[in-house]
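The figures here come from the full heavy-atom set of this structure, side chains too, leaving out hydrogens, waters and symmetry mates. In the text below, chain A, chain B and the rest are named by the order of the sequence lines, each starting its count at 1.
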Amino acid sequence: MEVKFKKNTAILKLSDGFDLANTFECGQCFRWNREPDGAYCGIVRDREVRLIRQDDCIVIENCTEEDFDAIWKSYFDLDTDYGAIRRMLSEKSPSLRRAVDSIDGIRILRQDPWEALCSFILSQNNNIPRIRGIITRLCEGFGEPCGNGYRFPAADTLAGLTAEELAPLRAGFRAKYILDAARKVASGEVKLTALYTAPIEDCRQQLMTIYGVGSKVAECVLLYGLHRTEAFPVDVWMKKALSGEFSDISVPELGAYAGIAQQYIFHLTRSKAR
DNA sequence: GCCCAGGTATAAA
DNA sequence: TTTATACATGGG
């Protein structure tokens, strides 16, 4: 990966892939917005940037060299060779090769664990456009202004709210889950930063103490919020996939990248559904 | 109108 | 331990 800087703009040349639409619209995140020119605009922590492809480069606008080193290099997982991971996964089974080949240029973002926790609580029994709407209203209603939008509200902020105060989100039965998550995170009863390094099964159990967090939400938080790429949702809808056309996949064999394999399988099953 | 959505808690078999 | 159902809401 090469990077050059020109007046608050980072210009990336990657040896592996970075497809903006596939990365931001694969269902791992809900707060990157496509603009008419094909660029994507998003807010992470207290920074707002805009990404656009120019020839074989990805351009990050409003990105200083300091921010790139402190935030974006890690957030976009730019030090990871996705080409190598794809090749490794493709060797594991014919069905997984089809899944990997069904989409390219996805990078697993290193999102904020708290934001990922809320996002995937809200995702349950819900569709992506509506999830995005609820999260937008959550940020507008309770987040600090940032750039042209809002930061994701802190757990401490939400912990002091009531279900009635969350009603404008129209999150339905999920509102009470958000409040329980906020309360447990704000109090330290669930310590998200500990989940970066704890044994994966302990992490699952810890997350599932939150009302409304089951195995599937826990796996998504671990993968997308804590970059635990070995996390794999074996026991909810993935069980369906693995008993069908993906029955030739052995999850333990996928090892450290089982979660990334899951992302490709998710895409293939989604694209077939329509 | 109808079906269903990146599921989970709860009750019942 | 496995299987069924309600859940709030609205996108397509």
- In whole Å, what is the span from the NZ atom of A:Lys239 to the P atom of B:dG7? 15 Å
- Message: So A:Glu219, base contact, sugar-phosphate only, or nothing? Heavy-atom distance under 4.0 Å.
- Response: nothing
- Task: Please state the P separation for the pair C:dA6 and B:dC3 - nearest whole angstrom.
- Result: 15 Å
- Message: Without decimals, in angstroms, what is the distance between A:Lys176 NZ and B:dG7 P?
- Response: 16 Å
- Query: Does a side-chain N-to-carboxylate-O contact under 4.0 Å join A:Arg50 and A:Asp37?
  - Reply: yes
- Item | Closest heavy-atom pair and its distance - A:Asp19, A:Asn22 | OD1-N, 2.8 Å
- Message: Taking the nucleotide of DNA chain B with the nearest heavy atom to each, does A:Ile210 or A:Tyr224 sit closer to the 5' end?
- Response: A:Tyr224
- Query: Does a side-chain N-to-carboxylate-O contact under 4.0 Å join A:Glu219 and A:Lys216?
  - Reply: no
- Between A:Phe76 and A:Phe68, ring centroids under 6.0 Å: no
- Separation of B:dA5 atom P from A:Phe30 atom CZ, nearest Å, is 15 Å
- Name the first nucleotide and the last nucleotide along DNA chain C (5' to 3') that come under 4.0 Å of a heavy atom in chain A. C:dC7 to C:dG12
- Query: When you measure from the centre of the six-membered ring of A:Phe18, is the NZ or CZ of A:Arg107 under 6.0 Å away and within 45° of the axis?
  - Reply: yes
- Report the distance from atom NZ of A:Lys216 to atom P of B:dA9, rounded to the nearest whole Å. 14 Å
- Message: Tell me which residues in residues 183-194 of chain A lie within less than 4.0 Å of DNA chain B, going by non-hydrogen atoms.
- Response: none
- Task: Taking atom P in both C:dA8 and B:dT10, compute the distance separating them and give it to the nearest angstrom.
- Result: 12 Å
- Query: Just how far, in rounded Å, is P of B:dG7 from CD1 of A:Ile178?
  - Reply: 15 Å
- Item | Salt bridge present between A:Asp180 and A:Lys184 (N-O < 4.0 angstrom) | yes
- Task: Let me know, please, whether A:Arg137 or A:Tyr177 comes out on the 5' side of the other along DNA chain C by nearest nucleotide.
- Result: A:Tyr177
- Item | Within residues 104-130 of chain A: residues closer than 4.0 Å to DNA chain C (heavy atoms) | A:Asn125, A:Asn127, A:Pro129, A:Arg130
